[in-house]
Amino acid sequence: MSKPEIKPIPIKIHPRLTSGRFNNVRVGMVVLTQLAFFCMPWLQWNGRQAVHFNLAEHHFLIFGISLWPQDFIYLAALLVVSALGLFLWTTLAGRLWCGYSCPQTVYTQIMIWIERAIQGDHNARRKLDASPMSVGKFAKKGATQAIMAAFSLWTGLTFVGYFTPMRELATLQMGPWDLFWTLFYGGFTWLMAGVLREKVCLHMCPYARFQGSMFDDHTLVISYDAKRGEPRGKTQAKSDAQTKGCIDCGICVQVCPTGIDIRNGLQYECIGCAACIDACDQVMDKLKSPRGLIRYTSAEALQGKPAKSGPSFHRPRIVIYSCLLAGIITLSTTALVLKKPFKVDVLRDRASLVEQSDDGLLQNRYSLRVINTTEQAQRYVVTVEGLPGIRMEKPGQVIEVNPAQTETVPVRVQVEPESAPRGSHRIHFVIRSLNDDVSIREKSSFIGE
């Protein structure tokens, strides 16, 4: 029995630096996403952090919009929209999310920039890895890892700043859990983007494994035009043909961050970054040949069918995804716009079900939890209805709640004994805002003798 072939462990990939239109888009996305990520916790809105997820108080603030546990439906809608949007975009144009916006891709690109700035270009880094340990190598490697670690800790601190006020963290006023999550998030940023890099995309990311199920013959993907490119060889450069094919320079492989050869066809390792397109276009420019040997195209176009100016939208799955997205976004936006500016929870005092007041009335105790979801202080008045003659112990009592805060107020409800026989009776609390004249009715029960 022959022994199974043992594949060698692949060496570290050092992608060659490239430039071009798609590289400019990638760099722009790195800058845009990181500016948003690092600057957002510092923004202020009405004297408070603009984006703050206060898990301790179960309160999310997003640019003046207050969300509480009762608003979980909006988070669920956001997750569904994100998933459907990813499915729709993948069906239309492949893995553009992976190539341009995925945090793994973005942070890996940043780590490569740090490495390139200290250790040199791809050839210099490869030679440095192969050379024996020396003072120079130790200094370069050490400086690279130190800067990567510092950047990773910065990302960890910023991440925690979305949950703990950023201005407190900036003065190192952090508790043990803040410190733990800073080190945890920063450590995994360094591990994933600084050490594992493309291994995450190749072996850990589930999206790479099921992306093919969303592709069809109309999906725009990065493809090599074999009809034009084959046979490969240096003779292509000397050819008199106006449209030259592949000269087998291998630059498309050298610039690939996952180390694949796109000329072998579409592979799950391809993250759709289009670095190979930029590299091949530069070679074609030097050969004075039209671009597009490697390009965004569809399987249908490669088969010689009539080319279209863009992706085809007249497909069942595209129509379904688009309709679902439009419906969920419309409903969620409408619900958010029409959302009441405050919320009320009515809690019965279980310690004493029914009492008798000094003037002979039956009374029950309640706690009203009023949540002000606006950015202005609000005043509310409470009334009760549901039984003949039922009233509040303190009619006309005004409850004041500060912006985006919660106030719990104990109240007593009274009624004549003959109007509330033994048992439970349905009643309603009516809480009306004196600022904007909006009312909320909350049901509860009154226990009689």
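Just so we're clear, the structure is a prediction, and the values are computed from it rather than from any experiment.
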4.5 Å side-chain heavy-atom contact, [X] and [Y]:
{"X": "Gln376", "Y": "Asn435", "result": "no"}
{"X": "Tyr380", "Y": "Val409", "result": "no"}
{"X": "Leu78", "Y": "Tyr74", "result": "no"}

Side chains of Glu375 and Asn46: is there a donor and an acceptor less than 3.5 Å apart?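 Yes, a side-chain donor-acceptor pair sits under 3.5 Å.
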Please work out whether the ring planes of Trp68 and His59 are parallel, tilted or perpendicular, with thresholds of 30° and 60°.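 Judged by the thresholds at 30° and 60°, the geometry between Trp68 and His59 is parallel.
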Any idea how Phe151 and Trp154 line up, ring-wise: parallel (<30°), tilted (30 to 60°), or perpendicular (>60°)?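 Answer is perpendicular, since the angle exceeds 60°.
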Throw together a table of side-chain donor-acceptor distances under 3.5 angstrom for residues 241-248, partners on residues two or more places apart or in other chains.
residue : atom : partner : partner atom : Å
Lys244  : NZ   : Ala241  : O            : 3.4
Asp248  : OD1  : Arg263  : NH1          : 2.8

For [X] against [Y], the heavy-atom pair lying closest together:
{"X": "Gln119", "Y": "Thr144", "answer": "NE2-OG1, 3.0 Å"}
{"X": "Tyr366", "Y": "Ser444", "answer": "CE2-OG, 3.4 Å"}
{"X": "Cys280", "Y": "Leu293", "answer": "SG-CB, 3.7 Å"}
{"X": "Pro403", "Y": "Ala377", "answer": "CG-N, 3.5 Å"}

Would Arg315 and Asp216 pass as an ion pair if we require N to O under 4.0 Å?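 Looking at Arg315 and Asp216, the cut-off is met.
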Taking NZ, NE, NH1 and NH2 as the nitrogens, is one of them in Asp436 or Lys340 under 4.0 Å from a carboxylate oxygen of the other?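 Looking at Lys340 together with Asp436, the answer is no, because their closest N to O distance does not fall below 4.0 Å.
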To the closest 0.5 Å, what do you measure between NE2 (His14) and CG (Asn123)?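 Answer rounded to 0.5 Å: 10.0 Å.
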Working to the nearest 0.5 angstrom, can you tell me the gap between Ser152 OG and Leu191 CG?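 Going from the OG atom of Ser152 to the CG atom of Leu191 covers 9.5 Å.
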Give a yes or no on this: more than 12 heavy atoms of other residues, nucleotides or ligands lie within 6.0 Å of atom NZ of Lys339.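 Counting other residues, nucleotides and ligands, NZ of Lys339 exceeds 12 neighbours.
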Exceeds 12 heavy-atom contacts within 6.0 angstrom, atom CD1 of Ile73: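 No.
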Centroid-centroid distance, Phe210 to Tyr207, less than 6.0 Å: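 Close enough - the centres of the two rings lie under 6.0 Å apart.
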side-chain contact (heavy atoms from CB on, under 4.5 Å) with Ala193: which residues, sequence neighbours excluded?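 Only Tyr107, Thr108, Met111 meet the side-chain contact (heavy atoms from CB on, under 4.5 Å) criterion with Ala193.
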For Arg167, enumerate each residue passing the salt bridge (Lys or Arg N to Asp or Glu O under 4.0 Å) test, keeping only those at least two apart in sequence or located in another chain.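 Partners of Arg167 by the salt bridge (Lys or Arg N to Asp or Glu O under 4.0 Å) criterion come out as none, since no residue qualifies.
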Result of checking Val221, Asp281, Leu302 against Arg295 for side chain to side chain contact (heavy atoms under 4.5 Å, CB included):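 By the side chain to side chain contact (heavy atoms under 4.5 Å, CB included) criterion, Arg295 pairs with just one of Val221, Asp281, Leu302: Leu302.
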Please lay out, stage by stage, how Gln303 and Asp217 fare under the test side chain to side chain donor-acceptor pair (under 3.5 Å). CA-CA 10 Å; Gln303 293 168 7; Asp217 289 343; 4.7 Å; no
